[in-house]
Amino acid sequence: MQNITLRKILSALVDDFGYQEVRNLLETCYAEAGKGGAQEKSGSVRYNKPRVKPCARTVVESLKVDDDQKKKTLMILADEYEKKAFMPNMNNVRAFLAQQGQDTSRIKSRQQAVSAVFNCLAEWGTDSLRELHIRGTYGRPKSLSVIAESIESVGRQNRI
């Protein structure tokens with residue numbers, strides 16, 4: 001999508017100014033950007049790298065976790081997070097972060113929440129992470145046993 005827009009803009013520039021003029025100016029801009037000159041000469045021109053949103057796998061890889069089993073479990077959860085099998089919607093993410101005492105007011109998407117979610121999970125114990133993965137909490141249930149347990153607990157509460 002961005003390439004199409006860029007192509008249209010460049011085509012219009014080439015039509016108006018000619019190929020060689022556009023090329024010379026692009027080379028000048030590139031040279032100035034390399035020296036930092038374009039930013040110094042003109043305060044409004046900036047050559048920033050596009051912001052890359054972190055994927056769950058990258059966030060987990062950057063975490064400093066000593067336990068290999070814990071790291072493996074976090075990687076599995078990260079893969080499931082990307083496939084939307086773990087915390088498939090923002091309601092799940094917000095509920096989890098709220099339970100962990102995190103502020104969710106600024107988080108607008110699952111992608112924005114990746115770092116916060118996995119930083120919280122990194123503080124959990126290995127056994128708790130495994131149970132989270134097996135039980136499918138904050139996502140689709142992994143088995144019917146989770147549903148059966150919740151029905152059983154409601155039944156117990158009603159009897160008392």
Completion exercise
Separation between CD1 (I134) and OG1 (T73), nearest 0.5 Å, reads 8.5 Å
Handout entry: side-chain contact (heavy atoms from CB on, under 4.5 Å) between E123 and Q100, worked out
Key = CA-CA 10 Å; E123 296 174 5; Q100 300 301 309; 5.9 Å; no
Practice task
Check whether F17 and Y19 end up in the same hydrophobic cluster, where Ile, Leu, Val, Met, Phe, Trp and Tyr are linked by side-chain heavy atoms less than 4.5 Å apart.
Solution key: yes
Practice task
To the nearest 0.5 angstrom, please state how far the CZ atom of R7 sits from the CD1 atom of I4.
Solution key: 9.0 Å
Practice task
State which residues pass salt bridge (charged side-chain N to carboxylate O under 4.0 Å, His left out) with R94; sequence neighbours excluded, sorted by chain then number.
Solution key: none
Exercise for the section: Can you see which heavy atom on F118 is nearest to which on L63, and at what distance? Expected result: O-CD1, 3.5 Å
Practice task
Find out if a path of hydrophobic residues (ILVMFWY) with successive side-chain heavy-atom gaps under 4.5 Å connects L26 to I9.
Solution key: yes
Exercise for the section: Provide the closest heavy-atom pair for R110 versus F86 in the form atom of the first, atom of the second, distance. Expected result: NH2-O, 3.3 Å
Exercise for the section: Please step through side-chain contact (heavy atoms from CB on, under 4.5 Å) for the pair T5 and K8, ending with a clear verdict. Expected result: CA-CA 5 Å; T5 304; K8 287 179 182 178; 5.8 Å; no
Exercise for the section: Given side chain to side chain donor-acceptor pair (under 3.5 Å), test N24 with Q20 step by step and report yes or no. Expected result: CA-CA 6 Å; N24 291 340; Q20 196 58 43; 3.1 Å; yes
Exercise for the section: Test E80 against H133 for side-chain contact (heavy atoms from CB on, under 4.5 Å), laying out the working first. Expected result: CA-CA 9 Å; E80 289 183 358; H133 170 65; 2.9 Å; yes
Fill in the blank from the handout: Rounded to the nearest 0.5 Å, the CG atom of N89 sits from the CE atom of M87 at a distance of 10.5 Å
Completion exercise
Taking every heavy atom of V93 against every heavy atom of Y81, the minimum-distance pair comes out as CG2-OH, 3.8 Å
Problem - Nearest non-hydrogen partners of C120 and L97, listed with the distance - result: SG-CD2, 4.2 Å
Exercise for the section: Kindly check if the number of other-residue, nucleotide or ligand heavy atoms within 6.0 Å of CD (E21) is above 12? Expected result: no
Handout entry: Side-chain touch M75/E61, heavy atoms, less than 4.5 angstrom
Key = yes
Handout entry: Nearest-0.5 Å distance that lies between atom CG in L121 and atom NZ in K70
Key = 9.5 Å
Problem - Donor-acceptor under 3.5 Å (S109 side chain, Q112 main chain) - result: yes
Problem - Check against side-chain contact (heavy atoms from CB on, under 4.5 Å), D79 and I76 - result: CA-CA 5 Å; D79 289 338; I76 291 168; 5.7 Å; no
Handout entry: Listed partners of D67 passing salt bridge (charged side-chain N to carboxylate O under 4.0 Å, His left out), at least two apart
Key = none
Practice task
Could you tell me the separation between the CG atom of L10 and the CG atom of L6, rounded to the nearest 0.5 Å?
Solution key: 4.5 Å
Completion exercise
Interatomic distance, CG@L132 vs CH2@W124, rounded to 0.5 Å, equals 5.0 Å
Problem - Crowding at NZ, K71 (>12 non-hydrogen neighbours, <6.0 Å) - result: yes
Problem - Validation row: M90, K108 side chains within 4.5 angstrom (heavy atoms) - result: no
Handout entry: Heavy-atom pair with the smallest gap, counting every atom of E82 and A56
Key = OE2-N, 2.7 Å
